[in-house]
2 protein chains.
Amino acid sequence: MKVTMKQIAKESGVSIATVSHVINGTKRISEEKHQKIMEIIKKYNYVPNFSAKNLRQQSTKTAGLIVPSFPDSYVTGYINGIQDRARELDYNLLFVNTNEDTEYEKKTVNLLHSKMVDGIILSPTSMDARYLDRLIEEDFPVVLISRYDPRLKNTPWVTPEDFQAGYDATTHLIQHGHEKIGLIYAVPNVTPTIHRIDGYKRALEQHNIPFNENYLELGYATVDGGASAARALLNRQPDITALFILSDLMTIGVISACKELTLRIPEDIALIGFGDFASAKIIDPPVTNINLPPDTIGKTAFDVLINKINNPSYNKHIQLPTSLIIRKSCGC
Amino acid sequence: MKVTMKQIAKESGVSIATVSHVINGTKRISEEKHQKIMEIIKKYNYVPNFSAKNLRQQSTKTAGLIVPSFPDSYVTGYINGIQDRARELDYNLLFVNTNEDTEYEKKTVNLLHSKMVDGIILSPTSMDARYLDRLIEEDFPVVLISRYDPRLKNTPWVTPEDFQAGYDATTHLIQHGHEKIGLIYAVPNVTPTIHRIDGYKRALEQHNIPFNENYLELGYATVDGGASAARALLNRQPDITALFILSDLMTIGVISACKELTLRIPEDIALIGFGDFASAKIIDPPVTNINLPPDTIGKTAFDVLINKINNPSYNKHIQLPTSLIIRKSCGC
DNA sequence: ATGAAAGCGCTAACAT
DNA sequence: ATGTTAGCGCTTTCAT
């Protein structure tokens with residue numbers, strides 16, 4: 001059986017309240033008793049029961065983190081950033097991957113809300129996250145990462161500059177002389193996809209290149225998903241000379257597919273990926289990617305959560321700049 | 001303020017116990033009251049307070065997961081497997097990355113032990129995990145994943161067949177005619193490293209190739225760490241014709257370094273990595289890897305934890321077979 | 001400086 | 001079938 005404060009108190013010959021004060025430093029206790037109590041605590045390796053503490057204090061020093069997919073270098077990256085920051089601030093992290101399952105997401109949010117955590121960082125599976133309104137009205141701290149629902153009032157979020165990134169990648173391809181630019185995305189109806197496509201459209205428009213709906217292709221956010229999407233798209237639109245891919249695992253699949261189809265990169269088809277990944281520079285050819293700084297995004301999101309916990313009206317919307325990491329696949 | 005059972009009871013005109021029974025299905029309650037209570041619950045979107053429930057039941061339906069590093073395709077992979085299984089079994093996961101920091105690991109284990117979780121899955125940073133003895137004696141469920149301390153009594157673990165994998169990779173290289181085989185590892189004094197190196201030695205021995213300590217190199221488990229290690233090793237032992245690398249991020253770094261050094265793979269230097277990663281097949285050349293089935297390892301570890309929770313004397317040691325995924329970097 | 005005791009929200013044994 | 005109540009381990013107010 002685990003040791004409780006009661007037993008520590010008994011063995012130390014003091015009251016349970018005194019033990020509590022020694023542990024939490026909430027009141028001055030005589031040096032003598034302090035020593036004695038600490039000794040017994042050490043002897044039994046006593047650690048306070050968190051459930052009891054939480055129940056009493058209505059706070060858990062743990063944060064929930066709900067991501068829609070995993071692994072993927074971008075998601076993995078911001079998880080890492082969040083974890084680092086949480087650790088620095090002495091918070092724990094309850095981690096859930098919803099696998100793009102909206103119902104499971106709702107269930108999980110409810111569960112974490114039921115006082116298991118002090119707040120949550122969430123990347124919702126769907127554009128419609130209004131089910132959160134109820135919690136937000138109660139001032140339960142929620143911060144959105146990467147994806148957000150603009151209809152949600154009083155809810156901070158942190159994302160990359162998706163519009164700009166889509167614009168930059170497309171412009172770069174256009175500057176290489178491409179006009180028929182395919183785009184492969186993974187999750188429809190979420191802000192990153194929408195904004196990146198908006199950036200893509202804007203770049204085309206500025207160069208008087210007509211937008212063609214058929215150049216867009218939806219794929220699963222996996223290696224195989226990317227490969228299938230590339231095959232389908234290139235089969236339907238053989239005139240495409242460049243591809244812009246919105247997730248790193250798909251980028252890998254697209255490159256595989258191109259190799260199978262004996263399409264040379266970048267000669268036959270130029271390529272820019274989204275989310276820089278470790279092996280990008282040793283792939284043949286090295287792949288040009290948009291880097292969304294995942295680590296910074298994660299750290300920032302956690303800081304925002306802490307602000308939100310301390311101040312329920314905190315409501316910053318933060319967009320972090322991306323950068324185009326130019327290698328060879330774009331034709332440079 | 002959050003709604004509690006008390007208020008639900010009051011508003012439904014029943015006792016708090018009846019509400020509890022309706023929620024948990026622990027007793028037959030008349031259809032009429034059942035309906036009424038459910039209605040009120042839905043109206044307030046009531047969810048039981050977990051801390052209270054946990055405190056009462058001494059169980060939390062959440063498991064701790066402590067990994068030593070992140071990201072890395074192998075660790076990421078087993079996290080994913082664990083997460084999937086946990087979800088199937090309706091468990092939550094408290095996730096912590098220790099970043100190979102032993103003190104932080106101890107602190108985290110203590111924290112999770114204090115009744116926040118029903119058990120933990122741990123990949124220890126150090127070979128010496130005897131500090132766990134205390135918890136194990138209390139029958140706190142601990143299962144080790146990937147790495148283990150053989151001195152720990154009554155502690156199940158699940159790992160890949162590291163010895164066999166090291167043996168297989170080395171044998172394959174030997175069959176390609178290599179005798180001067182370098183080995184780059186990341187974490188000394190943990191079972192996977194030790195066993196893989198043992199497998200390597202064994203293969204050499206069987207082919208009457210002398211073991212040379214200088215062919216071993218320690219590097220950080222990152223892309224840059226792999227690159228530096230490769231430069232150092234190849235500089236010291238230019239006679240090396242093949243390399244066996246024990247972690248995927250390092251493998252990527254090693255390939256970069258070889259490219260910088262204008263060493264052709266596999267002609268000048270053959271290569272086998274450990275831990276198959278998504279982009280391995282589109283790297284130039286495609287890289288031959290040992291696949292440790294991370295997903296299976298994760299799922300199995302979670303199942304083992306559940307068994308351990310249900311039966312404190314459960315103590316299986318499970319080794320899962322690996323496979324050599326042959327591509328081009330080995331010279332095939 | 002220290003202690004007694006109430007109470008956080010829930011479950012479950014017991015009573016009706 | 002339903003209700004009463006003790007108590008999980010802790011913090012914290014109020015007495016002393």
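All chains are named by letter (A, B, ...) in the order of the sequence lines, taking the proteins before the strands, and each is independently numbered beginning at 1.
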field: Spacing between M5(A) atom CE and dA4(C) atom C1', to the nearest angstrom
entry: 13 Å
field: Parallel, tilted or perpendicular, as decided by the 30° and 60° cut-offs, for the rings of Y91(A) and F302(A)
entry: perpendicular
message: Taking salt bridge (Lys or Arg N to Asp or Glu O under 4.0 Å) as the cut-off, I'd like each qualifying pair that reaches into residues 26-42 of chain B, sequence neighbours left out, listed once.
response: none
- line: The complete set of salt bridge (Lys or Arg N to Asp or Glu O under 4.0 Å) pairs with one or both residues in residues 8-23 of chain B, sequence neighbours excluded, reads E11(B)-K43(B)
message: Whether the E105(A) and T102(A) side chains hold a donor-acceptor pair (N or O, under 3.5 Å, no angle test) is what I'd like checked.
response: no
- prompt: Rounded to the Å, how far apart are I8(B) CD1 and dT11(C) C1'?
  reply: 17 Å
message: Taking ring-ring contact (aromatic ring centres under 6.0 Å, His included) as the cut-off, I'd like each qualifying pair that reaches into residues 45-86 of chain B, sequence neighbours left out, listed once.
response: F70(B)-F95(B), Y74(B)-Y78(B)
query: Starting at NE2 of H21(B) and ending at P of dA1(D), how long is that distance when rounded to a whole Å?
result: 11 Å
query: Looking at residues 22-37 of chain A, who's got a heavy atom less than 4.0 Å off DNA chain C?
result: K27(A), R28(A), I29(A), S30(A), K33(A)
task: Please state how far atom CD in Q7(B) lies from atom C1' in dC8(C), giving the value in whole angstrom units.
output: 13 Å
- request: Using the salt bridge (Lys or Arg N to Asp or Glu O under 4.0 Å) rule, collect all pairs that involve residues 125-134 of chain A, keeping only residues at least two apart or in two chains.
  value: D128(A)-R130(A), D128(A)-R151(A)
query: Tell me: CD1 of I16(A) to C1' of dG7(D), nearest whole Å?
result: 13 Å
A17(B) side-chain proximity, nearest of dC10(C), dG9(D), dT4(D): dT4(D)
query: Does OP1 or OP2 of dG3(C) have a side-chain N or O of S15(A) closer than 4.0 Å?
result: yes
query: Can you tell me if the side-chain N/O atoms of S20(A) get under 4.0 Å from OP1 or OP2 in dC10(D)?
result: no
message: Under the rule for side-chain hydrogen bond (donor to acceptor under 3.5 Å, both in side chains), what residues qualify as partners of H113(A), not counting sequence neighbours?
response: E138(A)
- request: Look at Y46(B) and dG9(C) and indicate whether a side-chain polar atom (N or O) is within less than 4.0 Å of OP1 or OP2.
  value: no
statement: Sorted by number, residues from residues 47-57 of chain B placing a heavy atom under 4.0 Å from DNA chain C are P48(B), N49(B), A52(B), K53(B), R56(B), Q57(B)
query: Taking five pairs at each end of the helix from dA1(C)-dT16(D) to dT16(C)-dA1(D), what angle separates the two helix axes (nearest 10°)?
result: 40°
- request: Could you state the atom-to-atom distance from NZ of K10(B) to P of dG9(C) in whole Å?
  value: 14 Å
message: Applying salt bridge (Lys or Arg N to Asp or Glu O under 4.0 Å) as the test, list every pair that has at least one member in residues 69-94 of chain B; sequence neighbours left out.
response: D101(A)-R87(B), K107(A)-D90(B), D84(B)-K299(B), R85(B)-E88(B), R85(B)-D303(B)
task: For T108(B), check side chain to side chain contact (heavy atoms under 4.5 Å, CB included) against everything at least two apart and list the hits.
output: I66(B), V96(B), Y104(B), L112(B)
- request: Quickly work out the K6(A) NZ to dA4(C) C1' distance and round it to whole Å.
  value: 14 Å
Non-neighbouring partners of I194(B) that pass side chain to side chain contact (heavy atoms under 4.5 Å, CB included), sequence neighbours left out: M127(B), D198(B)
- prompt: What pairs with S15(B) under side-chain hydrogen bond (donor to acceptor under 3.5 Å, both in side chains), at least two apart in sequence or on another chain?
  reply: T18(B)
